[in-house]
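Labels below follow one simple rule: chain letters A, B, ... track the order of the sequence lines, proteins then strands, and each chain is numbered from 1.
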Amino acid sequence: MIFILRTAFNNAFRHWVRTCLTILGLTVAILAFGLLQTVITAWYSKAASASTARLVTRNATSLIFDLPIHYKEQISGIQGIGEVAFAQWFGGVFKDPKNFFPQFAVSKNYLKVFPDFILNEDDQLAWIKERRGAIVGRQLADRFDFKVGDKIPLQGTLYPGNWEFIISGIYEGSDATKVTDRMFFHWDYLNSRLAGMPANPLLKPNTVGVFISTIELPEFAARVSDLIDYSFENSNAPTFTETEQAFQLGFVAMSDQIIEAIRTVSYVIVFIILAVMANTMSMSVRERTREFATMKALGFKPNFLTALILSESILIAIIGGSIAVILTPPSAKAFQLATDSIFPIFLVSQQTVILQIISSITVGILAGVFPSLQVYRVRVVDGLRAIS
Amino acid sequence: MRSNLVEINNIKKSYFRGGQIIEVLRNINLGVPEGGFTVLMGPSGSGKSTLLNLIAGIDKPDSGSLKISGLDITGLDEGELAEWRSGNIGFIFQFYNLMPVLTARQNVELPLLLSGLPAKSRRLRAEFVLEVVGLQDRLHHYPNELSGGQQQRVAIARAVVSDPTLIVADEPTGDLDKQSAKDILNLLHRLNLEAGKTIVMVTHDINATHAAQKVVNLDKGELVDERTTDH
Ligand SMILES: Nc1ncnc2c1ncn2[C@@H]1O[C@H](COP(=O)(O)OP(=O)(O)OP(=O)(O)O)[C@@H](O)[C@H]1O
Ligand SMILES: [Mg+2]
């Protein structure tokens, strides 16, 4: 055993330039694989961290149509419903359209429905008191260096005019997976300014985009959703209710094909490095045909030689894979910064690391299988005649 | 007259290459005396290596029998042959065939990995045999740090370390200068005389016949001359 490992190691570094290049290729491939997998994870992370214990109620026709604010009382009255909050998409531009971040006009009890966002009590009180007050998430604050007390000018897009908000507090995520890239401000403020504007059929006051309600028993989510939708069935704005997770997945699903393409590419990369490495291994084993034939002549069985070749190729794969695993988190960080934080959460998941390790080892094993077969087949007398 | 360690009866061997059958050995009958030094000679392509490979059990004849210590090895399968070789045959090649990634001592230890000996005894034994061939101060050198003659001595140490019944050598001096060739021949001669090793050697070197007790000549796959010289 010690002999096999030592010999495999020595063999691996006989042509150290070649081996280092193979390791480099492997590192790059496994790193790329890890980053692509992380893109996929990041894509789904919003939905994954979304709750199944909250229901989102929207206009049954489409999300672009609003719902009347007075639905809140009716929803609250339904059995199984806890707190009901609501939110309206604002869509303002901060200085430049490329600075995009989500802004919502929300009800005063919004944070009660979202314990995922943590804001200290003083800031909560300050926010409630300030008519134009807004709270921003930690990731958003870090991105633009927002501080409490800053004034944020937003150019309205859906809602015309110039808007100015004052930051009353910065909320944190309850854990590292929570996306905190949003800004929340008072729906009352939006609504009062809307009431003062000339009538516009698309911008009616007293409407909201979605109601978000907590439910006491998540296992009855489907049942409670039906109850809500049933009670508005014959109104002129019927509703559609689903869990928050289903709601978020609905957004992600729109880009499902892109995600599948990225996933495929990530595996193609692993496959390419497998082909490259299998070729390199065959080459170096072929160069050593006479050595293997000599060992066979001395009485070593093909299994022993296979162990020798597999150890060598797995060793190379593990070295390359380990370097990649170590480099993935810092590369992910760099990637996130370079892409201007399109992905507010871009963490390398444990599953990605496991996939990286599995694919490295698989590459090592498969790359060693072909040359092992070569050695298995070669006859001793023919192998001994091979020139080295 | 000594008894024969190897008994070859009516052996035939042909190769099939490029759609045509090449008869390499025809009706070979030969005995190799136990404890003797047998030399196979003959022109290039006469089938010397082929015959030696058959005796060493790394190739199989088309027909005939090949008994070594009474065991007909033509009936063994690949796996059995491999095991049999590890216990009975010591190999010496023209180009030494040492493992370049192993030191002299590790190369000599190599066949002992199959013996089940503990690591320490393997090491001691390898060191002892390297001392016998005069390389006690080269234990930790790699093959590429040794001269051709020294490499061949490591190979000889590797061939004898597991105390095989038969040592086969295919042109062991073919790649060496005159002096080294002489040293190697002397060493083999000593192994034969002092340790009583049975040796079969293929060579073109006429000097080798001085040490030999039996000289066999092959030509075009046939045994044309067989002389026993008792020293
Ligand atoms: N594996 C093989 N496939 C095809 N032909 C072979 C093979 N091995 C040997 N031969 C042929 O068998 C014949 C005898 O070969 P062999 O190597 O036994 O000769 P030799 O006497 O050892 O020659 P030399 O002195 O040059 O080493 C040659 O014609 C050779 O071409
Ligand atoms: Mg030959």
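A salt bridge is absent between A:Arg385 and A:Asp382; no separation between the charged side-chain nitrogens and carboxylate oxygens falls under 4.0 Å. A salt bridge is absent between B:Glu109 and B:Arg123; no separation between the charged side-chain nitrogens and carboxylate oxygens falls under 4.0 Å.
A:Phe370 CZ: 12 or fewer foreign heavy atoms inside a 6.0 Å radius.
When heavy atoms are compared at a cutoff of 4.5 Å, A:Asn303 does not approach chain B at all. Interface residue B:Gln106: only side-chain heavy atoms are found under 4.5 Å from chain A. Contact of B:Asn53 with chain A is made through the side chain alone, with heavy-atom distances under 4.5 Å.
Here ring-ring contact (aromatic ring centres under 6.0 Å, His included) pairs that include residues 276-301 of chain A, with residues two or more places apart or in two chains, are A:Phe300-A:Phe304.
Atoms CG and OG1, on B:Leu25 and B:Thr50 in that order, are 5.5 Å from each other to the nearest 0.5 Å.
A pairwise comparison of heavy atoms in B:Lys12 and B:Asn27 identifies CE-OD1, 3.3 Å as the closest pair. Taking every heavy atom of both residues into account, B:Gly42 and B:His204 meet most closely at O-CE1, 3.5 Å.
For the options B:Asp170, B:Leu110, B:Leu98, heavy-atom pairs under 4.5 Å to chain A are most numerous at B:Leu110. Between chain A and the options B:Pro111, B:Ser162, B:Pro100, B:Pro164, the largest number of non-hydrogen pairs under 4.5 Å is found for B:Pro100. Chain B forms more heavy-atom pairs under 4.5 Å with one residue of A:Arg379, A:Arg14, A:Lys296 than with any other, namely A:Arg14.
Counting only N and O atoms by type, the side chains of B:Gln152 and B:Ser180 include no donor and acceptor under 3.5 Å apart.
Heavy-atom neighbours of chain A within the stretch residues 57-96 of chain B, taken at a separation under 4.5 angstrom, comprise B:Ile58, B:Asp59, B:Gly79, B:Ala82, B:Glu83, B:Arg85, B:Ser86, B:Phe91, B:Phe93, B:Phe95.
Checked against a 6.0 Å centroid threshold, the rings of A:Tyr267 and A:Phe271 do not count as neighbours.
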